[in-house]
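Below: one structure, written as structure tokens.
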Amino acid sequence: MIGGLAIGWFATAGNDDSPSTSGGGTALPSTGAPEDAIAALEAAVEARPEDATAWRQLGTAYVQQAIEIGDPSFYGLAERSFEEATALAPDDPTILVGRGVLALSLHEFAEAEELGRRAVAALPANADALGVLVDAQIELGEYDEAAETLQRMLDVRPGLPALARTSYLRQLRGELGPATEAMRQAVVAGASSPFDEATVTALLGDLQRFAGNQSGALESYERALELFPGLIHAELGRALVIGGRGELAAAAAAVEEVVERFPSPSALFVLADLQHALGDVEGEADTLELVRLTAALQEEAGQIVDLELALFEADIGDDPARAIALAEEALAARPDNVFAADAMAWALLRGGQAAAAVPFAEDAVRLGTADPLLQYRAAEVFAAAGEDERAAEHLGLALQAGPMLSIRHADDVAALAEELGVPLPATES
């Protein structure tokens, strides 16, 4: 998810200490090594095609593999596996949990919420079911409801998945210090898989970067890569820190290695921005084409990427009408989500409609969300609408992360700061 922390993967953790037995279900399998689990589970369903549990576990493993390596082709395999499981055991609520995780991964958040509610009704003490519901409520912008569900999850299992979600909700409400502390607690809590532990460590790096602690962020990203080499989130975070220090060529080279392994959209977005900053016109054009091709593959796999593409198209600026149309679709699907409002505001601004963008920018910042790019984009909207005082306030919030808020828009950030009389902080060496 662009603009916020991607946390849907926590619901796939399925630790063996899941309290699902108290809710009448069976624990989700540990999926620390999905490539190994997949081979074993594929053999199991071939040998015992009537085994609903094996089909459910295979679907879970496929989703985890799609998340870990960023390959959307596994989502179709997961969907078929869950269909087989449901046909064999239509009343099994643990299958609802797996289907809910898949729906979250495909960004089908209304469906994920329905599946989560059904799973929680059947398994009220199942932390995995509660996690699906929390994530869906967050993505739909139902933040108060999500906080209530999260408290139930914390009461059931106060471990890494619940603590990471606690961190994210605090970040959404602008509580960057408490969010960082909760994520540190998630890291200390540990996980059953290196991937999960590495991911929360990388998310801690994001929060440190947002707070302007670039050296601390770099340490977290490198620690995450020690835990799970090749973790895309950590690789990109590390590149953003390096690029923010002015080492653009080194950052671009690092992201190119990521893209060569697998051209995930998030990696392509960062690479295009670095190429733009380096003046690599031909390289940037190739990367932008690959972004659109990859998005088409995601859509073919059933993944909804309107929000991500809306921000991408608005940033590129060569088709503002398409950016606005995509943002409208994203906002219709999650009308109360602050990042959907942010995308709508940014798309309208880039399309020359500053006045129309203002209410959406106001909606985007209504919680005080600690995200420097969201705050910067709101500042640009308010400035374009002639509301300099509000623009300066939100630019100041954004600049807490340091002067390099956006590699693509670095000059725009500096120009806006000068226009508003907001001092640029020094770059951390």
Side-chain angles (χ1 to χ4, degrees), residues 1-6 143 166-184 201-221 233 236-247 251 270 273 277 311 315 338-339 341-343 345-346 349 361-383 387-429:
M1 145 180 134
I2 298 292
L5 303 177
Y143 301 118
T166 299
S167 173
Y168 185 48
L169 274 176
R170 288 175 176 172
Q171 184 215 347
L172 283 169
R173 298 188 183 282
E175 302 169 3
L176 190 54
T180 303
E181 178 57 30
M183 195 64 78
R184 289 189 188 279
T201 303
L203 293 176
L204 173 61
D206 290 346
L207 294 170
Q208 291 169 314
R209 182 161 56 86
F210 291 172
N213 181 7
Q214 305 302 321
S215 58
L218 186 59
E219 289 179 6
S220 292
Y221 294 135
H233 195 113
L236 298 184
R238 183 177 182 277
L240 288 172
V241 172
I242 294 171
R245 292 178 173 177
E247 301 173 33
V270 174
D273 285 355
L311 285 171
D315 267 341
V338 294
F339 294 108
D342 169 47
W346 190 236
L349 176 66
E362 291 173 337
D363 198 23
V365 298
R366 72 183 189 272
L367 300 178
T369 299
D371 183 293
L373 286 176
L374 180 146
Q375 295 292 342
Y376 160 66
R377 287 189 285 257
E380 287 281 15
V381 169
F382 294 138
E387 301 187 29
D388 287 359
E389 186 173 342
R390 276 211 288 182
E393 174 190 352
H394 290 283
L395 182 60
L397 291 173
L399 287 170
Q400 291 177 6
M404 184 61 81
L405 302 177
S406 166
I407 291 172
R408 178 172 291 273
H409 300 296
D411 291 342
D412 296 332
V413 171
L416 182 63
E418 182 177 1
E419 174 188 338
L420 297 172
V422 176
L424 283 173
T427 301
E428 183 180 320
S429 59

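Values below: all heavy atoms of this structure, side chains included; hydrogens, waters and symmetry mates excluded. Worth saying up front: this structure is predicted, and the values here are computed from it rather than measured.
- Counting only heavy atoms from C-beta outward, the side chains of Ser167 and Leu207 approach each other to under 4.5 Å.
- The structure places CG of Asp371 at 11.5 Å from CG of Leu397, a figure rounded to the nearest 0.5 Å.
- Rounding to the nearest 0.5 angstrom, the gap separating the CG atom in Leu367 from the CD atom in Glu175 is 10.0 Å.
- Closest approach of Ile407 and Leu240 over heavy atoms only: CD1-CD2, 3.9 Å.
- Distance alone, capped at 3.5 Å, places no donor-acceptor pair between the Arg184 side chain and the Glu181 backbone.
- The two residues Ala392 and Leu420 have their closest heavy-atom pair at N-CD1, 3.8 Å.
- Formation of a donor-acceptor pair under 3.5 Å by the Glu362 side chain with backbone atoms of Ala378 is not found in this model.
- For the pair Asp412/Tyr376, a side-chain contact is recorded, criterion being any heavy-atom separation below 4.5 Å from C-beta on.
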Go through it in stages, so that I can follow the logic: the residues are Leu218 and Arg245, the test is side-chain contact (heavy atoms from CB on, under 4.5 Å), and I'd like the CA-CA distance, side-chain angles, deciding distance and then a yes or no.
CA-CA 11 Å; Leu218 186 59; Arg245 292 178 173 177; 3.8 Å; yes
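- Glu219 contributes atom CD, which lies 8.0 Å from atom CG of Asn213 (distance to the nearest 0.5 angstrom).
- Looking at Gln171, its side chain does come within 3.5 Å of a backbone N or O of Ala370 through a donor-acceptor pair.
- Closest approach of Ala343 to Leu311, counting heavy atoms only: CA-CD2, 3.8 Å.
- Heavy atoms from other residues, nucleotides or ligands lying under 6.0 Å from CD of Glu419 number more than 12.
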side-chain contact (heavy atoms from CB on, under 4.5 Å) between Arg366 and Asp363, worked out
CA-CA 5 Å; Arg366 72 183 189 272; Asp363 198 23; 2.7 Å; yes
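- With hydrogens and angles disregarded, a donor-acceptor distance shorter than 3.5 Å links the side chain of Tyr221 to the backbone of Asp206.
- Nearest approach of Leu374 to Val338, heavy atoms of both residues: CD1-O, 4.2 Å.
- The distance from the OG1 atom of Thr201 to the CE atom of Met183 is 9.5 Å, given to the nearest 0.5 Å.
- How far CG of Asp342 is from CG of Leu373: 8.5 Å, rounded to the nearest 0.5 Å.
- Checked against salt bridge (charged side-chain N to carboxylate O under 4.0 Å, His left out), Glu247 has no partners two or more places apart in sequence or in another chain.
- Closest non-hydrogen pair, Val413 versus Pro403, comes out as CG1-O, 4.1 Å.
- Side-chain atoms of Leu172 and Phe339, non-hydrogen and from C-beta on, do get closer than 4.5 Å to each other.
- Taking 4.5 Å as the limit, every side-chain heavy atom of Glu389 sits out of range of all side-chain heavy atoms of Phe382.
- For the 3.5 Å distance criterion, the side chains of Asp273 and His409 fail to qualify, holding no donor opposite an acceptor.
- The CG atom of Leu349 sits 11.0 Å away from the CZ atom of Arg377 when rounded to the nearest 0.5 Å.
- Judged by distance alone, with hydrogens and angles left aside, the side-chain atoms of Gln375 form a donor-acceptor pair with the main-chain N or O of Thr369 at under 3.5 Å.
- Of all non-hydrogen atoms in Gly243 and Met404, the two that sit nearest each other are O-CE, 4.2 Å.
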